[in-house]
Amino acid sequence: MAEPIRIAFLGGLGEIGRNCMCVEQDGKLLLIDCGLMFPDADMHGIDLVLPDFTYLRQNADRIVGCVATHGHEDHVGGLSFLLRDLSFPIFGSPLTLGLAANRIEEAGVMGNAELVPVRDGERRRVGPFDVEFIPVTHSVPHAFAVALHTPQGVILHSGDFKLDLTPVDDRRTDLARIGALASTDGIRLLLGDSTNAEAPGHAPSERHVGGVLRSLFAEHRGRRIITASFASHIHRIQQIADAAVAGGRKVATLGLSMRKNVRLARDLGILRIPDAALVDIEDVADLPPEQVCIISTGSQGEPMSALSLLAQGESRFLKLTEHDTVILSSHAIPGNEFNVNRVIDGLLRLGAEVVHSGLADVHATGHAQADELKMLQAIARPEWFVPIHGEYRHLQAHARLARAMGVPEQHILLCEDGDVLQLDDTGASLVGRVPAGYLYVDGIVGDVGHGVLRDRRALAEEGVVVVVVAVDVESGEVITDPEIITRGWVYAPEAEDLLDEACQRVEEAVVKAFGSGIRDIEGLERAVRQAAGRFVNERTRRRPMIVPVVMEA
Ligand SMILES: [Zn+2]
Ligand SMILES: [Zn+2]
């Protein structure tokens, strides 16, 4: 009997983001990705969301390393937090490690991580794990799928991938290797990216965007061009730069992460922009508009980003006019539409012409669509399948595709965050749960917890009512009339009668509580909260946060 393998899913199964899983073999643990997620609009004041690290902390001494499939924040952005308490090596392509290092350095925890670069197709041991790094195409260069050669057979983790047959760097998803694994060892378990499982057909090639960009640049000859894209989308940046240089323009970067990533990718030889074609953003004002192309961050409408400041007319470096064309070479991630639309409105108000993915094919997804996912199934022919990376509906859509491709229904496991899967001689099954809730990060405070978030939600939606009463506990008397302070519930000056009435109710409740023998502050505060809450709800149909303050005089 071969030793069983266990996989704990810590994030990314049931949401887009914070991808993280933990594979166990011979008592050792290998992490695959450790990402973050950006908060929803109703997560007030939250900067980002992480996987729950409880299980990893409890087993810190058994962790032998982390495999980073690629450099997106939802795959490596959690490492800088995990490395505050833990120490382990990280394996990935040089670009992936360079992108991850940005945040790890910022957090000052580089001392806890050894960054180990791996080559395309490399196979190496990490503790007891036999790990193979298989090239895949995605919206950041040098992404990997990962094949784990285990006593239970090959486990193939697709990473984020698409099957781009004409990628900008000619580095294609290595389907031949996946096919070879399938026909020799066989693929025991496939874990597959589900992000675009609901989208039919085949994702367009990144190269297609290059053609669209070139014609846009030709169309807008004579105008200054400002583009925005993800700072990690090096292939997009390459195609923008190519279109610019071909049209006799100089390229300047705008935004810190864009500047950093362009430098990193040029140093690694992944991005090719001639020195002579690059200018500093401080110098673009001296150039005629038709010779300028600016590549900016902020394509998701992030409020403090370079593009957002530009749209508000608050950029330190340039002012937009009717002689500018702005190309948003991106697609709003669900949840960001509002911010993106606000930026587009701002740009238009300043007179600029705006081209976005709703008007032209200036973006191509980095995730495989239905036909590509079916193609992977056909080539990998997995014995067991678990859809990963996606909301529940994406996971389910991916499961449907696998079924259509012949994976038997009972060999497809729809897992969610926190599930622990075991692969043994009898097959794959769910054998337990580990903590996998959201870890909310708020500035430097760290985890703020569900309670705080619930309070913020109540405050944001309903406001707060503070009720102050002074009492003499010994004699059981109310000393001063209750006082009510409110924010966000009613406009106090216009609601004097209502507030007076509320005070009266509260006083009655305190008197009644004394009458029934309650003498402790906590008990009195409970009575105040109940009375005030009931009154507020009865009269205004609202449920603001009620904060009772009972003082002993
Ligand atoms: Zn990705
Ligand atoms: Zn991802």
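FYI, side chains are in, hydrogens and waters are out, and symmetry mates aren't considered; it's all heavy atoms of this structure.
- Ser215 pairs by the side-chain contact (heavy atoms from CB on, under 4.5 Å) definition with nothing, not counting sequence neighbours.
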- Before giving the answer on ring-ring contact (aromatic ring centres under 6.0 Å, His included), spell out for His70 and Phe161 the whole-Å C-alpha distance, their side-chain angles and the decisive distance to 0.1 Å. CA-CA 10 Å; His70 63 285; Phe161 81 104; over 10 Å; no
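- Between Ile237 and Val262 the shortest side-chain heavy-atom distance falls below 4.5 Å.
- Residues His356 and His363 are not in side-chain contact: their nearest non-hydrogen atoms beyond the backbone lie 4.5 Å or more apart.
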- Let me see the working for Arg249 and Glu290 under salt bridge (charged side-chain N to carboxylate O under 4.0 Å, His left out), right down to the final yes or no. CA-CA 7 Å; Arg249 293 173 189 266; Glu290 69 275 12; over 6 Å; no
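- No side-chain heavy atom of Asp280 sits less than 4.5 Å from a side-chain heavy atom of Thr253.
- Under the rule for a side-chain contact (heavy atoms from CB on, under 4.5 Å), Glu322 has no partner lying at least two apart in sequence or in another chain.
- We find that Lys162 and Glu372 are not joined by a salt bridge, their nearest charged nitrogen and carboxylate oxygen being 4.0 Å or further apart.
- Between the side chain of Gln239 and the backbone N or O of Glu206 there is at least one donor-acceptor pair closer than 3.5 Å.
- Not one N or O on the side chain of Glu314 forms a donor-acceptor pair closer than 3.5 Å with the backbone of Leu309.
- Within 6.0 Å of NE2 on His331 lie no more than 12 heavy atoms contributed by other residues, nucleotides or ligands.
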- Give the C-alpha distance, both sets of side-chain angles, the deciding distance and a yes or no for ring-ring contact (aromatic ring centres under 6.0 Å, His included) between His323 and His220. CA-CA 10 Å; His323 304 297; His220 294 260; over 10 Å; no
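- With hydrogens and angles disregarded, no donor-acceptor distance shorter than 3.5 Å links the side chain of His202 to the backbone of Asp371.
- Evaluated for a salt bridge (charged side-chain N to carboxylate O under 4.0 Å, His left out) with Arg18, the options Asp417, Asp52, Asp33 yield exactly one hit, Asp417.
- Taking 4.5 Å as the limit, some side-chain heavy atom of Val212 sits within range of a side-chain heavy atom of His208.
- At a threshold of 4.5 Å between non-hydrogen side-chain atoms, the residues Ser330 and Phe230 do not count as touching.
- Between His72 and His75, the angle of the ring planes lies from 30° to 60°, which puts this pair in the tilted group.
- A ring-centre distance under 6.0 Å is found for His367 and His138.
- Of the options Asp170, Asp361, Asp169, Asp242, a salt bridge (charged side-chain N to carboxylate O under 4.0 Å, His left out) to Arg207 is made by Asp170 and by none of the others.
- Remark: Arg119 CZ is loosely packed, at most 12 non-hydrogen atoms of other residues, nucleotides or ligands lying under 6.0 Å away.
- Panel note: side chain Asn261, backbone Met258; no donor-acceptor pair is recorded below 3.5 Å.
- Judged purely by distance below 3.5 Å, without hydrogens or angles, the side chains of Tyr438 and Glu15 pair a donor atom with an acceptor atom.
- In this structure, Ser305 contributes its side chain and Glu302 its backbone to a donor-acceptor pair below 3.5 Å.
- The CG atom of Leu99 sits 9.0 Å away from the CG atom of Leu97 when rounded to the nearest 0.5 Å.
- Among residues two or more places apart in sequence or in another chain, the side-chain contact (heavy atoms from CB on, under 4.5 Å) test is passed with Ser93 by Leu95, Thr96, His142, Phe144.
- At least one donor-acceptor pair closer than 3.5 Å links the side chain of Asp174 to the backbone N or O of Arg177.
- Side-chain contact between Phe88 and Glu114 is absent, with no heavy-atom pair separated by less than 4.5 Å.
- For the pair Thr69 (side chain) and Gly159 (backbone), a donor-acceptor distance under 3.5 Å is absent.
- Side-chain contact between Met37 and Ile16 is absent, with no heavy-atom pair separated by less than 4.5 Å.
- For the side chain to side chain contact (heavy atoms under 4.5 Å, CB included) criterion with Val126, the lone passing option out of Val118, Leu148, Val131 is Val131.
- Side chains of Leu347 and Leu320 form a contact here, defined as non-hydrogen atoms less than 4.5 Å apart.
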